[in-house]
Every structure is written in structure tokens, then in C-alpha cells.
Number of protein chains: 2
Amino acid sequence: MTDDKARSTSKGGHAPLLLRMSILSALALTAVLPSQALAAPGQMAGFSPEKEKWQRSYEKAFAGMVSKESVAKFSKDLSVRPGVVGTPGNAANVDYAVRELKKAGLKPEVKTYDVYMSVPKKIAVTQTYPQKRELQVMENLPKGTRYASDVIPGYNAYSASGTVEAEIVYANYGRPEDFAELEKRGISVEGKIVITRYGANFRGVKPEQAEKRGAIGMLIYSDPADDGYSKGIVYPDGPWRPADAIQRGSILYIFRYPGDPLTPGEPSTEGTKRLDPAEAASLPGIPTTPLSYGEARPLLEAMEGEEAPASWQGGLPFTYKIGPGKTKVRIDLNIEYKNQPVNDVIVRIPGAKHPEQTVVIGAHRDAWAYGTSDNTSGWTTTLEIARVLGEMVKKGWQPDRTIVLAGWDGEEYGLLGSVEWAEEHRKELTENAVAYINMDGTGGQFFGAGGVPSLKQLIYDVTKEVKEPRSGSSIYDDWFVRSGRKEPSVEQLGSGSDYTPFIQHLGIPSMDLGFGVSGGLYHSAYDNQDLMDRFIDPGYEHQAAGSQLVGIAALRLANAEVIPLQYSAYAADVVSLLEEFASKGTLGVDLALVIAQAREWQAASTELESLAQRMIADGVTAEEQSRLEQVNQALMKQERDLIVSEGLPSRPWYKHQIWAPGLTTGYAAQPLPALAEAVQAGDAAAVKQAADRLAAVLKKATETARAAQ
Amino acid sequence: MTDDKARSTSKGGHAPLLLRMSILSALALTAVLPSQALAAPGQMAGFSPEKEKWQRSYEKAFAGMVSKESVAKFSKDLSVRPGVVGTPGNAANVDYAVRELKKAGLKPEVKTYDVYMSVPKKIAVTQTYPQKRELQVMENLPKGTRYASDVIPGYNAYSASGTVEAEIVYANYGRPEDFAELEKRGISVEGKIVITRYGANFRGVKPEQAEKRGAIGMLIYSDPADDGYSKGIVYPDGPWRPADAIQRGSILYIFRYPGDPLTPGEPSTEGTKRLDPAEAASLPGIPTTPLSYGEARPLLEAMEGEEAPASWQGGLPFTYKIGPGKTKVRIDLNIEYKNQPVNDVIVRIPGAKHPEQTVVIGAHRDAWAYGTSDNTSGWTTTLEIARVLGEMVKKGWQPDRTIVLAGWDGEEYGLLGSVEWAEEHRKELTENAVAYINMDGTGGQFFGAGGVPSLKQLIYDVTKEVKEPRSGSSIYDDWFVRSGRKEPSVEQLGSGSDYTPFIQHLGIPSMDLGFGVSGGLYHSAYDNQDLMDRFIDPGYEHQAAGSQLVGIAALRLANAEVIPLQYSAYAADVVSLLEEFASKGTLGVDLALVIAQAREWQAASTELESLAQRMIADGVTAEEQSRLEQVNQALMKQERDLIVSEGLPSRPWYKHQIWAPGLTTGYAAQPLPALAEAVQAGDAAAVKQAADRLAAVLKKATETARAAQ
């Protein structure tokens, strides 16, 4: 008899991929700029020919001074000691950064907020049936590991404290559709502990979904199919997750609001009124804690009940079942809640012409343990940019606008430092922020970017200026070839990093640039210097390239005569989003007027860009200079026009009408969030309201663009 | 930092599939016949209205007499004892079948061939580095298992005998593209033992590919990702492969020629000259033996060298590496080669009007061990059809044409019994065979079919007549809904079962009908009665439905006034195949004339079918009767026109110009094989020759269709 499984020959080899890549390499050579370019071919967007020359020498000098040795030293010095917010290691890293920035002639400031935070006192998980077994909640760090006692156990920040014991139910990734599958099968999680695997969504989504359905506790484990041995060789022989490595992480409902859970919308400074924790919509309700796959294995292996669906099967060597039971578990969490300091490190390179206007670069400086990748790499890159800009100031190079560089604290707990700072500086940022550039992971091998559509062309432009160390081509070409598309994708911004307060709360054009990691040690105690040196960024070349790239992007934004924000592309994307949305049904609400408004914005912004382009085409006269100020004000303002002060109906802190993190994804963006949530709720009146509000913000942006012409 | 792997939300849940199925169910209600139907709607293809009435009562009586209790009894009686060709258990099953057929009033014949065969005397595999370990080559059958001593060890029939010891290299599925990947990485298999997993191709392809590249031995193991715990719960708790279960199987190069390796093209009867084994092109050259995943695991786990590509990773709980070594293995095979008897059981239900014309139903009756699924189920089904037809003959129901039912022996070794029988009956079959229906596995849950395009409509028609036991709908509707297509797919015939000598050597229209198994115990000692009773076909309802289905198909072919072979559909498929082929490039050889010829055939066969349809539309006159004979002769002959006596350039035994098994797939079909192989070889002259030959056979078929009009 024929083996059915052998009949199919569809399992692909590697040749087709390679073939595709070589075709794309050929295409790359003939790639052309999109028709709506901000500048004539060969001309730098936003710069007159004369100014461009100066800018080119500025960028060249800057890039030439970026040093991988310097980056390597920052990285090594900063990842010696675990850097969790509120700990001595974290404080030591503040001192180090301040010292180094001063050495470069800069005047760093430490901005402290007093934030409501969880502190793990006892994390215990016990299997109580079929056998009794205490589970390990810490990696087996090798003897002699420096500061091993500083490593906190595997835990989920902001979990509820308490003790629960129950049978477990397996719920795959803990997505709404996973719980729907359980319901379809008549399997209730009420009174149970749900065990889910990491992945597919922000971890805070999982306990919220489980709690809604009556679960009393949650375990979240790392499945080897997702980031362990099924993906590659595990640490210490390779960069993938070994059996004992735990993914720590916050489960704060950042998709409701990030930052201090007791001060939504306000900075956690003295005098700010705090909510009663019972009223805080971002605080999870059930004890939740993470496990390694080595420890999760006996729990899952002992389970009974129905076989889990094929797509729920993971990489452990048995057939996964759903339960409930018979495995029983006790979760015993003693988690203290108290206010603790969050220390942001801020430094400014003052602008010569428009000191009040700011380009903000930020990276979080806290980590779950040693954090050499996440996010010492991003912070190291930021420090290197600051160091070089500081040295350049000494030599007389000064940007036209102010560049602010920030090392955010407490990002891992829920974007604490960036949110509180942004909330405190709401007024200045709203009036004068040009853009925000985020870095969260720059020590990987593969470039990736997210951002608002107005910044897409700038990202393409600057990635063409910097060499990608692995491939030897430009970052753009390497990115383009790997994308397999007509142009590489600039992802929509959802959440999970510090751009969130800037774009979604304040409406500041934002981008997120970095090099991705091919490995699975995320949030474990093995994200350390050794991993970086051997697997992630040997030679520190990608972190150096990241410094060059982000520095050049900031210098373009800081020095451009016309700020390179392309709202014609933004409006075109909004038209597409609306049309796609309309095609899926909107409960009878007609989106034609909203779409027409988006097209009007597209026309108005195209005209404004064209006007600006003409003004700088051959030098800028004094009269043009003052008109350019108006144009730049309009360019800054259009993104601000897309927010409304009441915020989204589902979550008032999120004020942007085009982008928000999905309520059930957490990381992934939900474009047109109010509209989407109203359709999902089947509420036609809310759809109408969302459409009206969209039309209103698009009209505002259109008027801004028109008024400057 | 955001977890990259959590950003994507593309992992689908189950809701979309269910939705799709319900849409398809709705579609099923409005499904219409293709435009080229052989009969007016509601009319039985090939039957005049009057004859149809008789046929319907014949079919109804037949189906009503099929008994699942009878099927269950056959199955249980025949799978008590392992039935490998040449063993006492196999002989006992011959006696049983003969007895049962005689009980039904029939006159079975046992046809014996004397075939060159391998017999395992000693199968030993030893891991010799890094630790020494003797590997188990037999399942852990529970104490008290009946005839456990009759179960042969895990072995690959027709493997070379001998002892080899070397480091191992992992080569995924052992496909040419897998070896190309090794070459790309500069990893040689010369002097090594290659370890591959089962799946993706016929197992005989693997050692041929390895030997060509200098390997000295091969291990083939069952990976849990392909049919073990990653797929579902393992035996005895479920139907999937446990750690100790071994897939036995032949590695005879059946894609060169099947049957006795020493008598290609001739029956292995007395007086036939035998080849020297050294000249036999179907005999493999290197020691090759199978392993369970329990035994393969320590070999793979101890391997060093490069990490295997992502698509090569299987379901064992570590990262697979390629080697070579450091694992070292000794394979020690003492395999005796000698001639042994192959016993086919043949029984005839003589036709009343055209006793010389035959419809052949066949199923292999040998098995690797107990073989309750593979293929006691198919043979049981065949016996049940014979029993009922026998009982009906007693009551006066006799078909118009002769129905021949066959139980083939030695299929598992390489289609031995069917090939030798077909070769012996070449003349009668060529002149008078109407069609061949194969059954290899009828005890599963999910209907599937393969066949030549001329039989597609008949398959659709008869599957609409029989109820599918699991769903309660017709077999067709269940098949259609699961297919997710406009019509369910009748697969191209490659090889791996007994249709091969009929279609590819003799040009007899063939189909392969059965119910697929959702489980992984293929060719193991656990394919037994208990498995069948609990998981595969509890209640034996699918095997009974299979008897009804195949019996009705045979009765349609045996009784039709116009044999229901639709060459218009066949020709249309050939046109599509040619056009697809032409679009991919044919080294400058123009296929336009071949395509034109196929279209001519399509026109001629359409006209012939239309003529035949008119003749039987309202009864058949005496004059029409004799013209119908000519039409039926032409219908039988057109498939024969597609073979050429010299065979394919690569393998003369394979004579069909449209279908052959792929040389590097073994199971999967390679349509237009001569053309495909010539293009692959880059030989334009051979492409031209293949195109000319195709044009010639299509012309012959066209002329046959025209001549009968």
C-alpha cells in the first residue's frame, strides 16, 4: 500500500528561495523611487542643494566618528549587572550613563517618576497531581555567573498576588479564537488554571481573556516549537531557548493604557492624584506566572481529555491534550505592590536655529536580567549617537533643531519611563516635537522598521546611506532583498515599546528602527554578553550601523529646511485602509464621505509638499524662509490633527484615530481602531460616530495642509 | 521589547475551516455535472432507459446483500496471522479465501509464480560511537500477542545484504533536493551511512539517491513529526505511531520496473529466462534498513556538525544536525535471496453477453505483519463483492461482461503477484479488458480516488449512489465537502499499488478507490485487528461501503451498453497538461502540433460519445447493437493507443506515454514522463522525439475514435 503521507511532494527545498533572492537582487539594481518622492532624484528630501552639501558633510563626519569599539565598551559595561527597574544594578547603570555623557561634554539629566510597581517576593508553582513536584522558576545559571543573585525569578510583572490551585486546561496561545475553540468543544475554563504558550499576541492579552471566562490562574510557558530546539540549537551551543530558560514579562494591560497604572494621562510626579488600584483598568486580575518548557513539560504530558487540534500541537515529544486535568497545579505568588522610582536619562544637543523644536531619540535602558540584547543594545546605540554628537558640538557642528536622547526606565514593566515623561512634557512635545525615533533591539542581524506612513520615505532614504555589516550592501538593499516585495515593508505601529506614548497618545510622528534577533532567549537570564559576542552581534557592527542610521535620520529631521514628513503617502495609506474596511462591511454606515475627506487630505498635502519642494529647489530666500516656517509648522501639526482629546471610546488614553494596538493582540496594530471595534461590537451607532470622528480629524489635517499654502 | 514572534497574528484558528465547510455544504446542494456529461441529467451513463431499470435493480439487490458482519468476519479471520509473502500465514490465508469463495458457489483459482525474493535472516543495527548500543529492530509486542513469532523484524525488502560501518549524515527525506542542499553546504555522503526520514517519496528512491552519491548504507526512520505523536495520540491510546513501531517496506526500484526483478516484461513461470541479478535494474545496491523513532533518537541526538535547515527539523526534542558523525553506526544485514512462490487468488463471475470482456477488481492479500488495514481491508472488500456476486449468480443475476476478482500476493515486495499475472495475461487483457479497479486500504474514514480521466465521471456517479457511514451523506458529498474544491480531485496514478501493471504496462483504464486512514501505524506490527476495531473502521461500515461502491462500479462497467469511458475528458486533461508543460519551456521544441493533435482527439472522442449517447437514448435496435460493439471496442482501445511497445526511453517496462511514476518520487505520478525527463536532462533531441511520440499516440487514439463513427 502507498503511504499517503509520501504522495505529496510539496515540501519545498531551499533552491526556490535562493532563486527568488537572486531575482530580487537583480530587481534591486533597478528599483525606483515612488512617484510621490519628496525630492527630485538624487536630491536629499527637504534640503536645498546648498544646504544638502553641508548636511552631507555633517552626516559623513558623524558616521565616521561612530566606533564599534565604543559601542562594544558601552554594551559590556552596561550588561554586567541585571538592570530591572528599581534595583541597584539599574541605578548603577544610570550613574554610568551620566558619567559617559558628561565625558562627551554633554549635560545629562536624570528624570525620576514615582510609579506603582510590582515586586516579586515569592514565586512558587507546584504540580499537585498526578505527582507532587515543586517547579523551578529560575534558570540554572552556571556557577560563577556574575551578579547571579541579582537575577529575579521568572515572573510576570503586575500579576495579581495570591494562591490558587486547580486542574489545568491548555488553551494554545490564549487568543480569543483559542478560547472559542474550547467553548465549541464544551470545555469550560471556569475555576481552572489555564496554561497557554507564549507567542501570537502580547502576553497580557492571555490572562485578560482567561479571566473574562472565569479562569482563576494562568501559566504561560515557552514552547520549543516557537523559540526552542525546533527553531535551532539551544544555548549555550546556539542562540535558541534551552529547557530551563524562562520568558519574564509584564502582563500590564498596556493595550488599555501603559505607564503608571494609577496615573493614566498624568505624570507620576509629586502632587499627581493616584487612582485606587481597584479602579485601575490596566491591572490584571488573576495570578499569572511564566514557565520554561523544561518545567511545563511534565504538566502538559500528564494531561488528559481531548486531543488538542493539530495547530495547537507544539514541539514537546507527545500529543498535546486539552484537559481539564488531570494535572493539577498550585500557583503561589507573593507579589508586593508599592511605589518605586523610575529613572529616565535625558540629554539634549541644543539646536542652533530652532532650539525649541525637538527630534527625540529613545531606547529603554532597563532589562529583565542582563539584557545585552534587550535593550542594552538600543541604549548603547543611543549613547553612541549622543557621544558622537557631543564630540561634534565641541568641533562646532550643531544641529538646527534640538536633538533629545533618552534612556527610558521601566519599559519592561509597561513603558513606564517613556509614558510618564511624555505625559509630563505633553505641552512642549505637542507644540514642538518633530518626530520620535525608537530603538528596541539594535544588536541583531536583520534590519526591520515600523513607522507612520509620513516617515516611510525618510526610512528608505537613510537606510540607503548606511552599510549593512553582514551583507556588505546598504541596509536598504539587504532589507529589500529579504522582503521579497516591491518595496520593504514599514510596519504599522501597534504597541510593546516606547513609541506608544509619542504616536498614540500625543500624535508625534514616530518610527521604530532596529536589527532583529534570530534566536529565542528573549527575556531570559541568558540574554547576556556571551550570547551577544557569539551569536547576536559579534564585533558589535550592527549596533554601530544602528548608531549611524538613527543618527543620520535624526540629523535629517533636525536640519532639513522642509521637515521630511510626507503626508501625501500617509493620506494614500488611510484611503486604502478605509477602502479595505468599507469592502468588509460597516453595518450599513457609508464611509464614502470619510474616504472623500482622506482623498482631499491627500490632494492638499501633495500640493503642500510640491510647494515646499519648489521653495527649496534653488536656495531659500529670506521671504521663503518665513513661509517655510509655516510649512514646517503644518507638517508637524498634521499628525497632531489625527488625535482627539477624548481618546478612543474603548480606552481614552489612546487618542490617535488611525493607529492603536489591537485589544486582543496587544502588540499588533489595529488601524482605524474606533471603527474596527464598533463593527466588531455590531454597534452601528458607534460605527457612525467613529466615521464622523475620522472625517473630522482628516478634515482638520486637510485644513492644516491648506492653510500653510 | 516586543517579541518578534508574537507580532504576527496569522496562525489560523479553526473557525475559518468550519465556515468554509459550511459554505461548501451549501454549494454541494447546487453542484452540477460538468458540461461533457456522458448522459442526460438523471440518466445513467452508458445505459438506455430500459436497461437502466434492470441495472438499478441489480445494483440495489447487490448493495442490499453486502453485509458488514460478513466483512468483519473476513477481516478478523484473515488478520489473525502475519501474511508476508512466502510464509505459512500467507498460505493459510490462501486456503481460507479459496474455501470462502467456494462457499459462495464460485470456482477460485490459485495462480502461482516463482519469484526472486529477499528473506531476512539477520537484521542488526549497532550504534558504535559515541556509545555502543544494539538497536531494537522489532516492536515490543505485548505478551500473549498471537503469532508474535511470525512477525518479521523491521527490514527493507530487496535491500543489499552485507555489513557496513560508518559515520552518519542526516539527509531529511532523501530527495534529490535534499542531497543538493548537502552538496551546496559541501557535505559529502561518500563512504557514509545516510539517515533519512520516511515520507515525501517512495522509500526505494532514498537509497538510490544516496548510492549514486557514494553512500555505503542507509537508515530510514519514522519521524514523529510525520506520523507519530506530533500528529496525534499514539498506539495503544490512539492510532498514531509509538516510539517502537517500525515501518517495514520494499525498496525495490519499482519506478524502473515492478514485479520479479529477474523477469521484466515476462511472467515468472516455468521456462521464462531469468536475468542475472547483477543485471537487474530494479535491485538496490546498498544495505538499507528501517528504524523506529525510539531507536533513531539517540543516533540523531548525538550528531554533530551543522544545524539542519528549518524544514529538515522533525518532531524529536532537539535541534537536528547534519553531521557527518560523530554518531557512527554498523548495519549488519544477512539477507538471503532465493525464488519463492507468489500465490494470487483469482475468481471469475462469467459474463452472459460478452464473457471474453473483463472488468478486473484487485487487492493485494499479503501484508507486512497482521495487516488488518494494509491490506486485509481491501482484500476483505474484494471477497465480499465476490461472495455477493456469487450468491446473486445463484439467484439468476449474471453480468453482461465477465468480472474478475483477484487477491494479489507479494504486493508489498514490489507488486509481484499483479505484475506477473498481468504479464502472463497480456494478450487477453490487451484485447478484452474493460477496466481495472484497485483497492489498497478500504478500512479508513476518508474516501479518496485515483484514476485515468476517462473514469472520473464514473467515479463521481457511483460515489453518489453509496452512503458514507461517518457523515451519513453520500460518499461523493462527503468527499466533495472535504475537498474544498469545485469538484473533488481524482488523483493521477503514479505507483505503489497494483494498478501499475494494468495502466502503465498494458494501457487498461484503471482506478484506485479506497478510504484513507487517519493514523500512523503503516507497515508496523500494530496494524492489527484491535487498531481496526477501535480507531480505523469500528463496525466495519467503511469496508462494507467500499464493497458496495466498487461492486456497483464494476457492475456499471460490466453491464453498460456503452462502456462509461469518457475520453473527451481525458483528451481535455492531456491538452491542459501539454499547455502547462509548454508554458514552462521545452528547450525550443514546439509542442503546438502535439497540442493540436490532443484537441483533435478531444473533438473526435466528443463526437463518438455523442453518437453513442444518441444510439442508446431510447432503446437499442439490432442494427445499433452491432454498431455499439464497434463503439465499445473503440472505447476500450483508446487507452491502449496511449502505450508504445518500446516503452519510455528511461525504462522500457513503462509503456504508457501519459502516466508513469516519477523517477525521483516513486509514488507520485509524472505526467508526460518522456517529455519531462528529456527536458530535465536538457536533451532537446530527446524532447523532440518524445513530442513526436506523443503526437503519434494521440493520433492513433484520434483515429480509433473516428473509425468507430
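Residue numbering restarts at 1 for every chain, and letters A, B, ... go by the order of the sequence lines.
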Is the shortest side-chain heavy-atom distance between B:Ile233 and A:Lys321 below 4.5 Å? yes

Heavy-atom pair with the smallest gap, counting every atom of B:Phe318 and A:Tyr229: N-CD1, 3.4 Å

Side chain from CB out, backbone as N, CA, C, O: work out which of these in A:Pro224 comes under 4.5 Å of a heavy atom of chain B, or both, or neither. neither

Is the number of heavy atoms from other residues, nucleotides or ligands within 6.0 Å of CD (B:Gln680) greater than 12? no

Shortest non-hydrogen contact between B:Thr319 and A:Val234, atoms and distance: OG1-N, 4.3 Å

Give the member of B:Gly232, B:Ala367, B:Gly314, B:Gly315 that has the highest number of heavy-atom pairs under 4.5 Å with chain A. B:Gly232

Part of B:Gln313 lying under 4.5 Å from any heavy atom of chain A: side chain

Check B:Lys231 against A:Glu307 and note the closest heavy-atom contact, atom names and distance. O-OE2, 3.7 Å

